[in-house]
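Numbers here are sequence positions counted from 1. Keep in mind that this is a model prediction, so the values were computed, not measured.
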Amino acid sequence: MELEEDSVQWYKYGWEHSYLEMITLVILTCLALVFEVCFHQLMHAMEHTYLYGDEHANTALVMRGSSRHVTETRTRHRRLFKEFVSRVAGEFMSLGFLGLSVFIFNFIGGFDILVEKFHSTDDLHLPESVTEYAHFVELVHIKLFLGMAMYFVLVFRVVSGGVRQVRKWEQLNLQRIEHATSSGPTDSPDPDFDKYLRLRGHFLFKLSDWQRKEPTHFRETCRMLGMCATSEGAQRKLDLWLHENFSFSEYLAINVEHGVCDSIEVHPLTWLVVLLIMCSFAVIDRLGRLDSIGLGTPICILLAFGMLASMQWLAVRKHRRILDRARASGVDQQLPISFQDAQQQSAHSDESMYTEKPAAHIVKNLHRHYNTEMITLRVLQIVLFLISYFFASTLLDLDGWRLHAKRTWLYTAGFVLLFSLLSYSLPSSVPTFLALMALPPYMDDDNLKMFFSVLAGDIQYHRRRPSDDHDHDLPHQVADESEHDLPHQVADESVLGSAHRKDDAIESLS
């Protein structure tokens with residue numbers, strides 16, 4: 001698009017401005033990534049500096065004669081708001097580093113070199129003075145700053161929704177414990193509590209068929225509990241123990257925390273894809289002579305709408321299917337029910353409920369072998385970053401407001417509507433999506449590690465708790481086996497810390 005003759009800008013066509021903006025944006029992003037990597041390496045090194053108690057731990061290690069590190073057996077729950085604030089501070093520090101870099105580059109005469117080495121031609125117009133270069137680069141820097149601020153506004157909404165959902169699950173779990181220990185009626189008018197019971201029942205119901213479908217996971221679970229996996233009734237004993245003692249709310253919480261923190265800490269692969277997209281936009285600008293920002297803005301708006309609708313539809317559909325199946329099979333009751341019992345109970349109403357279709361089998365294997373929820377979140381990250389930057393670029397497009405006011409107003413209205421919908425839907429859709437993708441049959445390796453981590457913490461908790469009638473199925477050797485035979489990565493992430501919180505919660509209820 002050619003600009004009007006009264007324009008005093010250095011560029012003649014819109015694609016020339018977009019081309020140089022993409023090149024500048026790639027350079028600034030690379031500088032920010034270099035600074036961020038160095039900063040994180042420094043912070044990682046600081047985590048291994050001396051802390052009081054290290055000498056005691058080393059002495060205990062020598063006295064034990066063990067080759068393993070002395071670690072706390074507790075799940076590493078993370079304060080999502082703290083992680084968010086820390087990430088925002090680090091990101092804005094990176095943007096401050098970019099401002100310093102631009103200042104130093106101008107101070108040492110870098111823009112003078114660009115003016116001398118690169119001249120405008122009939123094929124490509126470039127800035128003709130140091131002032132034009134400095135003003136242009138600083139404007140791109142401010143766009144990146146404003147775009148990151150908008151991106152973190154959306155991430156903050158995700159964090160707040162995740163915290164609210166995790167707290168709700170914990171409250172519902174306490175409500176379940178109260179109902180289980182009370183002698184009165186257990187019916188609850190709370191629909192959220194009913195949904196929670198059905199989700200928990202669905203989870204344990206799927207685990208009740210591990211002996212047949214997942215023998216490796218079944219043997220590992222029995223080993224942690226000190227049970228013989230080949231003994232008669234092993235699956236039934238495991239079902240009873242998990243039904244009474246497994247912290248399902250904590251399992252959901254860990255999975256949501258993991259996914260939300262991945263959204264806060266942008267993965268390097270995500271930045272690489274963003275850089276490739278920016279380079280592609282620059283190639284489109286240069287070779288196709290098209291304004292990639294002008295063309296990409298409506299595309300990103302439509303893509304964000306489509307992805308948001310797809311995630312919401314998938315979460316609602318899967319949630320509804322789980323609840324319907326739980327109601328039909330009876331696993332929403334507060335009594336343990338095995339896979340075989342539920343299959344017999346519901347066989348007269350829906351014989352195809354437990355028959356897996358070929359297409360469903362392919363999708364299930366895809367989810368199990370690849371962490372599809374993390375892939376979805378990272379694609380969402382890319383889309384959110386692009387629309388945030390394009391929104392900032394639209395707001396700060398001075399020539400656009402002066403020469404194409406109607407189009408700029410239209411894009412701005414579209415972005416405002418999109419951000420409003422994202423702010424409304426992300427707090428509920430992302431935690432729900434992460435929780436549902438952590439349920440069978442979509443449990444991948446990361447979900448399994450979290451399951452065994454929570455299970456190890458439950459074992460430790462019931463070992464430390466005074467014995468009662470509910471622990472008659474748990475052998476005494478569980479205490480030693482859960483601490484020494486547990487795989488290293490699981491033992492380091494077990495849930496002893498959360499067990500103390502369970503003690504306080506149960507005491508408060510009583």
- Spatial distance of atom OG1 (Thr412) from atom CZ (Phe415) [nearest 0.5 Å]: 8.0 Å

- Message: Please identify which of these residues, Arg176, Gln175, Gln171, meets the side-chain contact (heavy atoms from CB on, under 4.5 Å) condition with Asn173.
- Response: Arg176

- Item | Straight-line distance of Ile264 CD1 to Gln381 CD, nearest 0.5 Å | 10.0 Å

- Return the minimal non-hydrogen interatomic distance between Tyr151 and Ser263, and the atom names on each side. OH-O, 3.4 Å

- Fit a plane to each ring of Phe391 and Phe419, take the angle between them on a 0 to 90° scale, and name the class: parallel (under 30°), tilted (30 to 60°) or perpendicular (over 60°). tilted

- Query: Heavy-atom distance under 4.5 Å between the side chains of Lys168 and Tyr196, does that happen here?
  - Reply: no

- Note on the structure: The residue among Phe451, Phe203, Phe205 that forms ring-ring contact (aromatic ring centres under 6.0 Å, His included) with Phe248 is Phe203

- Item | Shortest non-hydrogen contact between Gly259 and Met374, atoms and distance | CA-CE, 3.4 Å

- Query: In this structure, which one of Leu242, Leu199, Leu238, Asp239 forms a side-chain contact (heavy atoms from CB on, under 4.5 Å) with Leu204?
  - Reply: Leu242

- Would you give the length of the straight line joining atom CD1 of Ile387 to atom CD1 of Ile299, rounded to the nearest 0.5 angstrom? 14.0 Å

- Consider only side-chain N and O atoms of Asp458 and Ser247, and report whether a donor and an acceptor are under 3.5 Å apart. yes

- Once you round to the nearest 0.5 Å, how far does CZ of Phe218 lie from OG of Ser208? 10.5 Å

- Item | 4.5 Å side-chain heavy-atom contact, Ile277 and Val274 | no

- Taking the side chain as C-beta and beyond, is there a heavy-atom pair between Leu377 and Val260 under 4.5 Å? no

- Do NZ/NE/NH1/NH2 and the carboxylate oxygens of Arg223 and Glu220 come within less than 4.0 Å? yes

- Do you know which two heavy atoms are closest between Gly147 and Ser388, and how far apart they sit? O-CB, 3.2 Å

- Message: Within this structure, what is the NE2-CZ distance for the pair His243 and Arg200, rounded to the nearest 0.5 Å?
- Response: 6.0 Å

